[in-house]
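Quantities reported herein were computed from a predicted structural model and do not represent experimental measurements.
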Amino acid sequence: MTLAKANAHRSSLPNLGLGLGLRNVHFEHILEHWPRLDWFEAISENFMDSGGRPRYILGQIAEHYPVVLHGVSMSIGSTDPLNRHYLTKLKKLADAIDTPWISDHLCWTGILGLNTHDLLPLPLTDETLNHVIERVRTVQDILERPLILENPSTYLTFRQSTLEETEFFSQLAAATGCGFLLDVNNVFVSCYNAGTDPAAYIDAFPCENVVQMHLAGHQDCGDHIIDTHDGIVRQEVWALFARAWQRTGGSSVLLEWDSNIPIFNICKDEVMKARRYISNITEQPMPMTEPEQHKAQLPLSTPVDFMVAPAMDDAVLIDS
């Protein structure tokens with residue numbers, strides 16, 4: 001895919017409105033009520049190899065709503081060769097449900113054919129940038145559409161890094177025409193953990209390339225924050241979202257709620273709060289109502305375990 005074609009395709013992608021992550025606990029509610037919601041986002045790996053009822057349900061939902069595919073295993077930053085079998089299956093699924101776009105994360109997930117089932121950060125250097133540029137170009141050729149990449153939540157930085165993450169994204173877009181999924185919660189989490197300013201990150205991000213935004217909850221552990229996706233969106237993230245919305249000029253917005261998932265209408269009500277910020281309506285900070293005993297049970301990692309099997313399930317121990 002040429003740079004001009006990728007840029008034109010990305011620029012033509014629609015603003016889908018307000019949506020939710022598609023989770024199996026909500027399948028029956030959706031099929032019974034067909035709720036008033038703009039769109040859904042499905043985890044690619046949950047449906048690429050599945051048949052039967054899960055794939056049937058995805059097809060039914062895709063007939064009524066736009067469904068975007070969001071992956072966790074492309075491993076765009078890995079030094080392993082790209083998994084072309086994975087990409088072929090991904091394209092087949094995307095074509096089957098006519099997805100508006102396909103997204104994944106700016107990260108690596110494993111090496112030597114092993115998947116850690118986590119979204120691991122990259123050293124932000126010119127060498128890494130050139131490596132990722134070539135892989136994005138290849139992926140876009142195979143998928144025949146621009147790839148949409150998300151900023152991951154991070155808990156450390158590399159001494160070797162020579163580029164700011166926002167500059168890395170800017171140069172990546174300029175070279176490939178890819179689009180971005182700006183995860184506002186991840187911006188807040190990463191900046192808090194690194195001791196940097198999340199508002200400055202939003203101001204420096206190439207927002208003209210943003211196709212979609214994510215909102216989610218996190219756990220504040222005092223000296224660090226964990227991206228947990230199992231509660232309401234914190235007030236400071238809503239404030240950052242308002243800034244991001246103005247910078248992007250508006251894009252598709254989605255709420256992720258991936259653990260301790262409540263009933264559908266609670267999730268829907270949470271994402272609908274975005275309307276207040278889109279409309280520039282101010283409100284007082286919302287009280288945090290989560291009990292302390294609930295917080296103590298939160299998982300301390302990027303929440304991808306609900307999508308794929310835990311990493312150690314397939315591990316092989318070798319005696320030295």
Check: [Y] and [X] side chains under 4.5 Å, non-hydrogen atoms:
| X | Y | value |
| --- | --- | --- |
| I30 | F40 | yes |
| F47 | I97 | no |
| M74 | L90 | yes |
| I142 | L82 | no |
| L182 | H214 | no |
| V187 | P198 | yes |
| N151 | L106 | no |
| P262 | C267 | yes |

>> If the condition is ring pair (Phe, Tyr, Trp, His ring centres under 6.0 Å), which residues does F180 pass it with, not counting sequence neighbours?
In response: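 By the ring pair (Phe, Tyr, Trp, His ring centres under 6.0 Å) rule, F180 matches F169, F205.
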
List in chain and number order the residues that pass salt bridge (Lys or Arg N to Asp or Glu O under 4.0 Å) with [X], two or more places apart in sequence or in another chain; answer none if no residue qualifies.
| X | value |
| --- | --- |
| R135 | none |
| E208 | none |
| R36 | none |

Distance in Å, [X] [atom1] paired with [Y] [atom2], rounded so as to fall on 0.5 Å steps:
| X | Y | atom1 | atom2 | result |
| --- | --- | --- | --- | --- |
| C107 | I76 | SG | CD1 | 9.5 Å |
| E167 | L129 | CD | CG | 8.5 Å |
| N260 | T228 | CG | OG1 | 9.0 Å |
| L20 | M272 | CG | CE | 7.0 Å |
| R247 | M213 | CZ | CE | 11.0 Å |
| T248 | N209 | OG1 | CG | 11.5 Å |

Taking side-chain hydrogen bond (donor to acceptor under 3.5 Å, both in side chains) as the test, write out the residues that go with [X], two or more places apart.
| X | answer |
| --- | --- |
| E144 | K91 |
| S103 | H70 |
| R137 | E134 |

Closest approach of [X] to [Y] (non-hydrogen atoms, all atoms of both residues):
| X | Y | value |
| --- | --- | --- |
| T157 | A194 | CG2-CB, 4.3 Å |
| Q212 | E41 | NE2-OE2, 2.7 Å |
| V210 | S251 | CG1-OG, 3.9 Å |
| L172 | C178 | CG-SG, 3.9 Å |
| R10 | P146 | N-CG, 3.9 Å |
| I102 | A94 | CD1-CB, 3.6 Å |

Would the distance check show the side chain of [X] and the main-chain N or O of [Y] forming a donor-acceptor pair, the cut-off being under 3.5 Å?
| X | Y | answer |
| --- | --- | --- |
| E45 | V72 | yes |
| S11 | A8 | no |
| S78 | G110 | yes |
| S75 | T109 | yes |
| T128 | L124 | no |
| T99 | L69 | yes |
| R145 | L143 | yes |
| E256 | A216 | no |

> Going through the distances and angles, do R23 and D258 end up as a side chain to side chain contact (heavy atoms under 4.5 Å, CB included)?
Replying inline: CA-CA 8 Å; R23 304 295 177 254; D258 300 328; 2.6 Å; yes

Between [X] and [Y], is there shared hydrophobic-cluster membership here, with clusters defined by ILVMFWY side-chain heavy atoms closer than 4.5 Å?
| X | Y | value |
| --- | --- | --- |
| I232 | I263 | yes |
| L149 | L120 | yes |
| F158 | F168 | no |
| L215 | I278 | yes |
| V132 | L3 | no |

> Between E270 and R234, is a salt bridge (charged side-chain N to carboxylate O under 4.0 Å, His left out) present by the stated rule, with each step listed?
Replying inline: CA-CA 11 Å; E270 186 67 12; R234 301 298 184 107; over 6 Å; no

> Which side-chain hydrogen bond (donor to acceptor under 3.5 Å, both in side chains) pairs, counting each pair once, include a residue from residues 186-205, with sequence neighbours left out?
Replying inline: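 Qualifying pairs: E150-N186, T154-S190, E165-Y201, D183-N186, D203-R243.
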
>> Between I226 and V189, is the side chain to side chain contact (heavy atoms under 4.5 Å, CB included) condition met? List the steps.
In response: CA-CA 7 Å; I226 302 295; V189 168; over 6 Å; no

> Got a sec: does the NE2 of H33 have more than 12 other heavy atoms crowding it under 6.0 Å?
Replying inline: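 Counting neighbours around NE2 of H33, more than 12 heavy atoms of other residues, nucleotides or ligands fall under 6.0 Å, so yes.
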
> With a cut-off of 6.0 Å (strictly less than), are more than 12 heavy atoms of other residues, nucleotides or ligands near CD of E164?
Replying inline: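 At most 12 heavy atoms, drawn from other residues, nucleotides or ligands, come within 6.0 Å of this atom.
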
> Hydrophobic cluster mates of W101, side-chain heavy atoms under 4.5 angstrom, ILVMFWY only, any path?
Replying inline: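 Members alongside W101: L13, L16, W39, V68, I148, L181, V211, L254.
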
> Applying ring pair (Phe, Tyr, Trp, His ring centres under 6.0 Å), which residue pairs with at least one partner in residues 249-274 are found, sequence neighbours left out?
Replying inline: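 Residue pairs passing ring pair (Phe, Tyr, Trp, His ring centres under 6.0 Å), neighbours aside: H26-F264, H29-F264.
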
> Between H218 and F188, does the ring centroid distance fall short of 6.0 Å?
Replying inline: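 Yes.
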
>> Quick check on the 6.0 Å ring-centre criterion: do Y277 and W238 meet it?
In response: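 Yes - the distance between ring centres of Y277 and W238 falls below the 6.0 Å cut-off.
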
> Among side-chain atoms of H229 and D227, is any donor-acceptor pair under 3.5 angstrom?
Replying inline: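 Note: H229 and D227 side chains meet the donor-acceptor criterion.
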
>> Any donor-acceptor pair under 3.5 Å linking the side-chain atoms of D230 with those of S259?
In response: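 No, D230 and S259 have no side-chain donor paired with an acceptor closer than 3.5 Å.
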
Below 3.5 Å, can you tabulate the donor-acceptor pairs from side chains in residues 56-66 to any protein atom, sequence neighbours excluded?
{"unit_1": "H64", "atom_1": "ND1", "unit_2": "Q60", "atom_2": "O", "d": "3.0"}
{"unit_1": "Y65", "atom_1": "OH", "unit_2": "P35", "atom_2": "O", "d": "2.6"}

> What pairs of residues pass the salt bridge (charged side-chain N to carboxylate O under 4.0 Å, His left out) test when at least one of them lies in residues 68-90, not counting sequence neighbours?
Replying inline: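 Every salt bridge (charged side-chain N to carboxylate O under 4.0 Å, His left out) pair that includes a residue of residues 68-90, provided the two are not neighbours, is D49-K89.
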
> T79 and W108: side chain to side chain contact (heavy atoms under 4.5 Å, CB included), yes or no, with the steps?
Replying inline: CA-CA 9 Å; T79 55; W108 62 287; over 6 Å; no

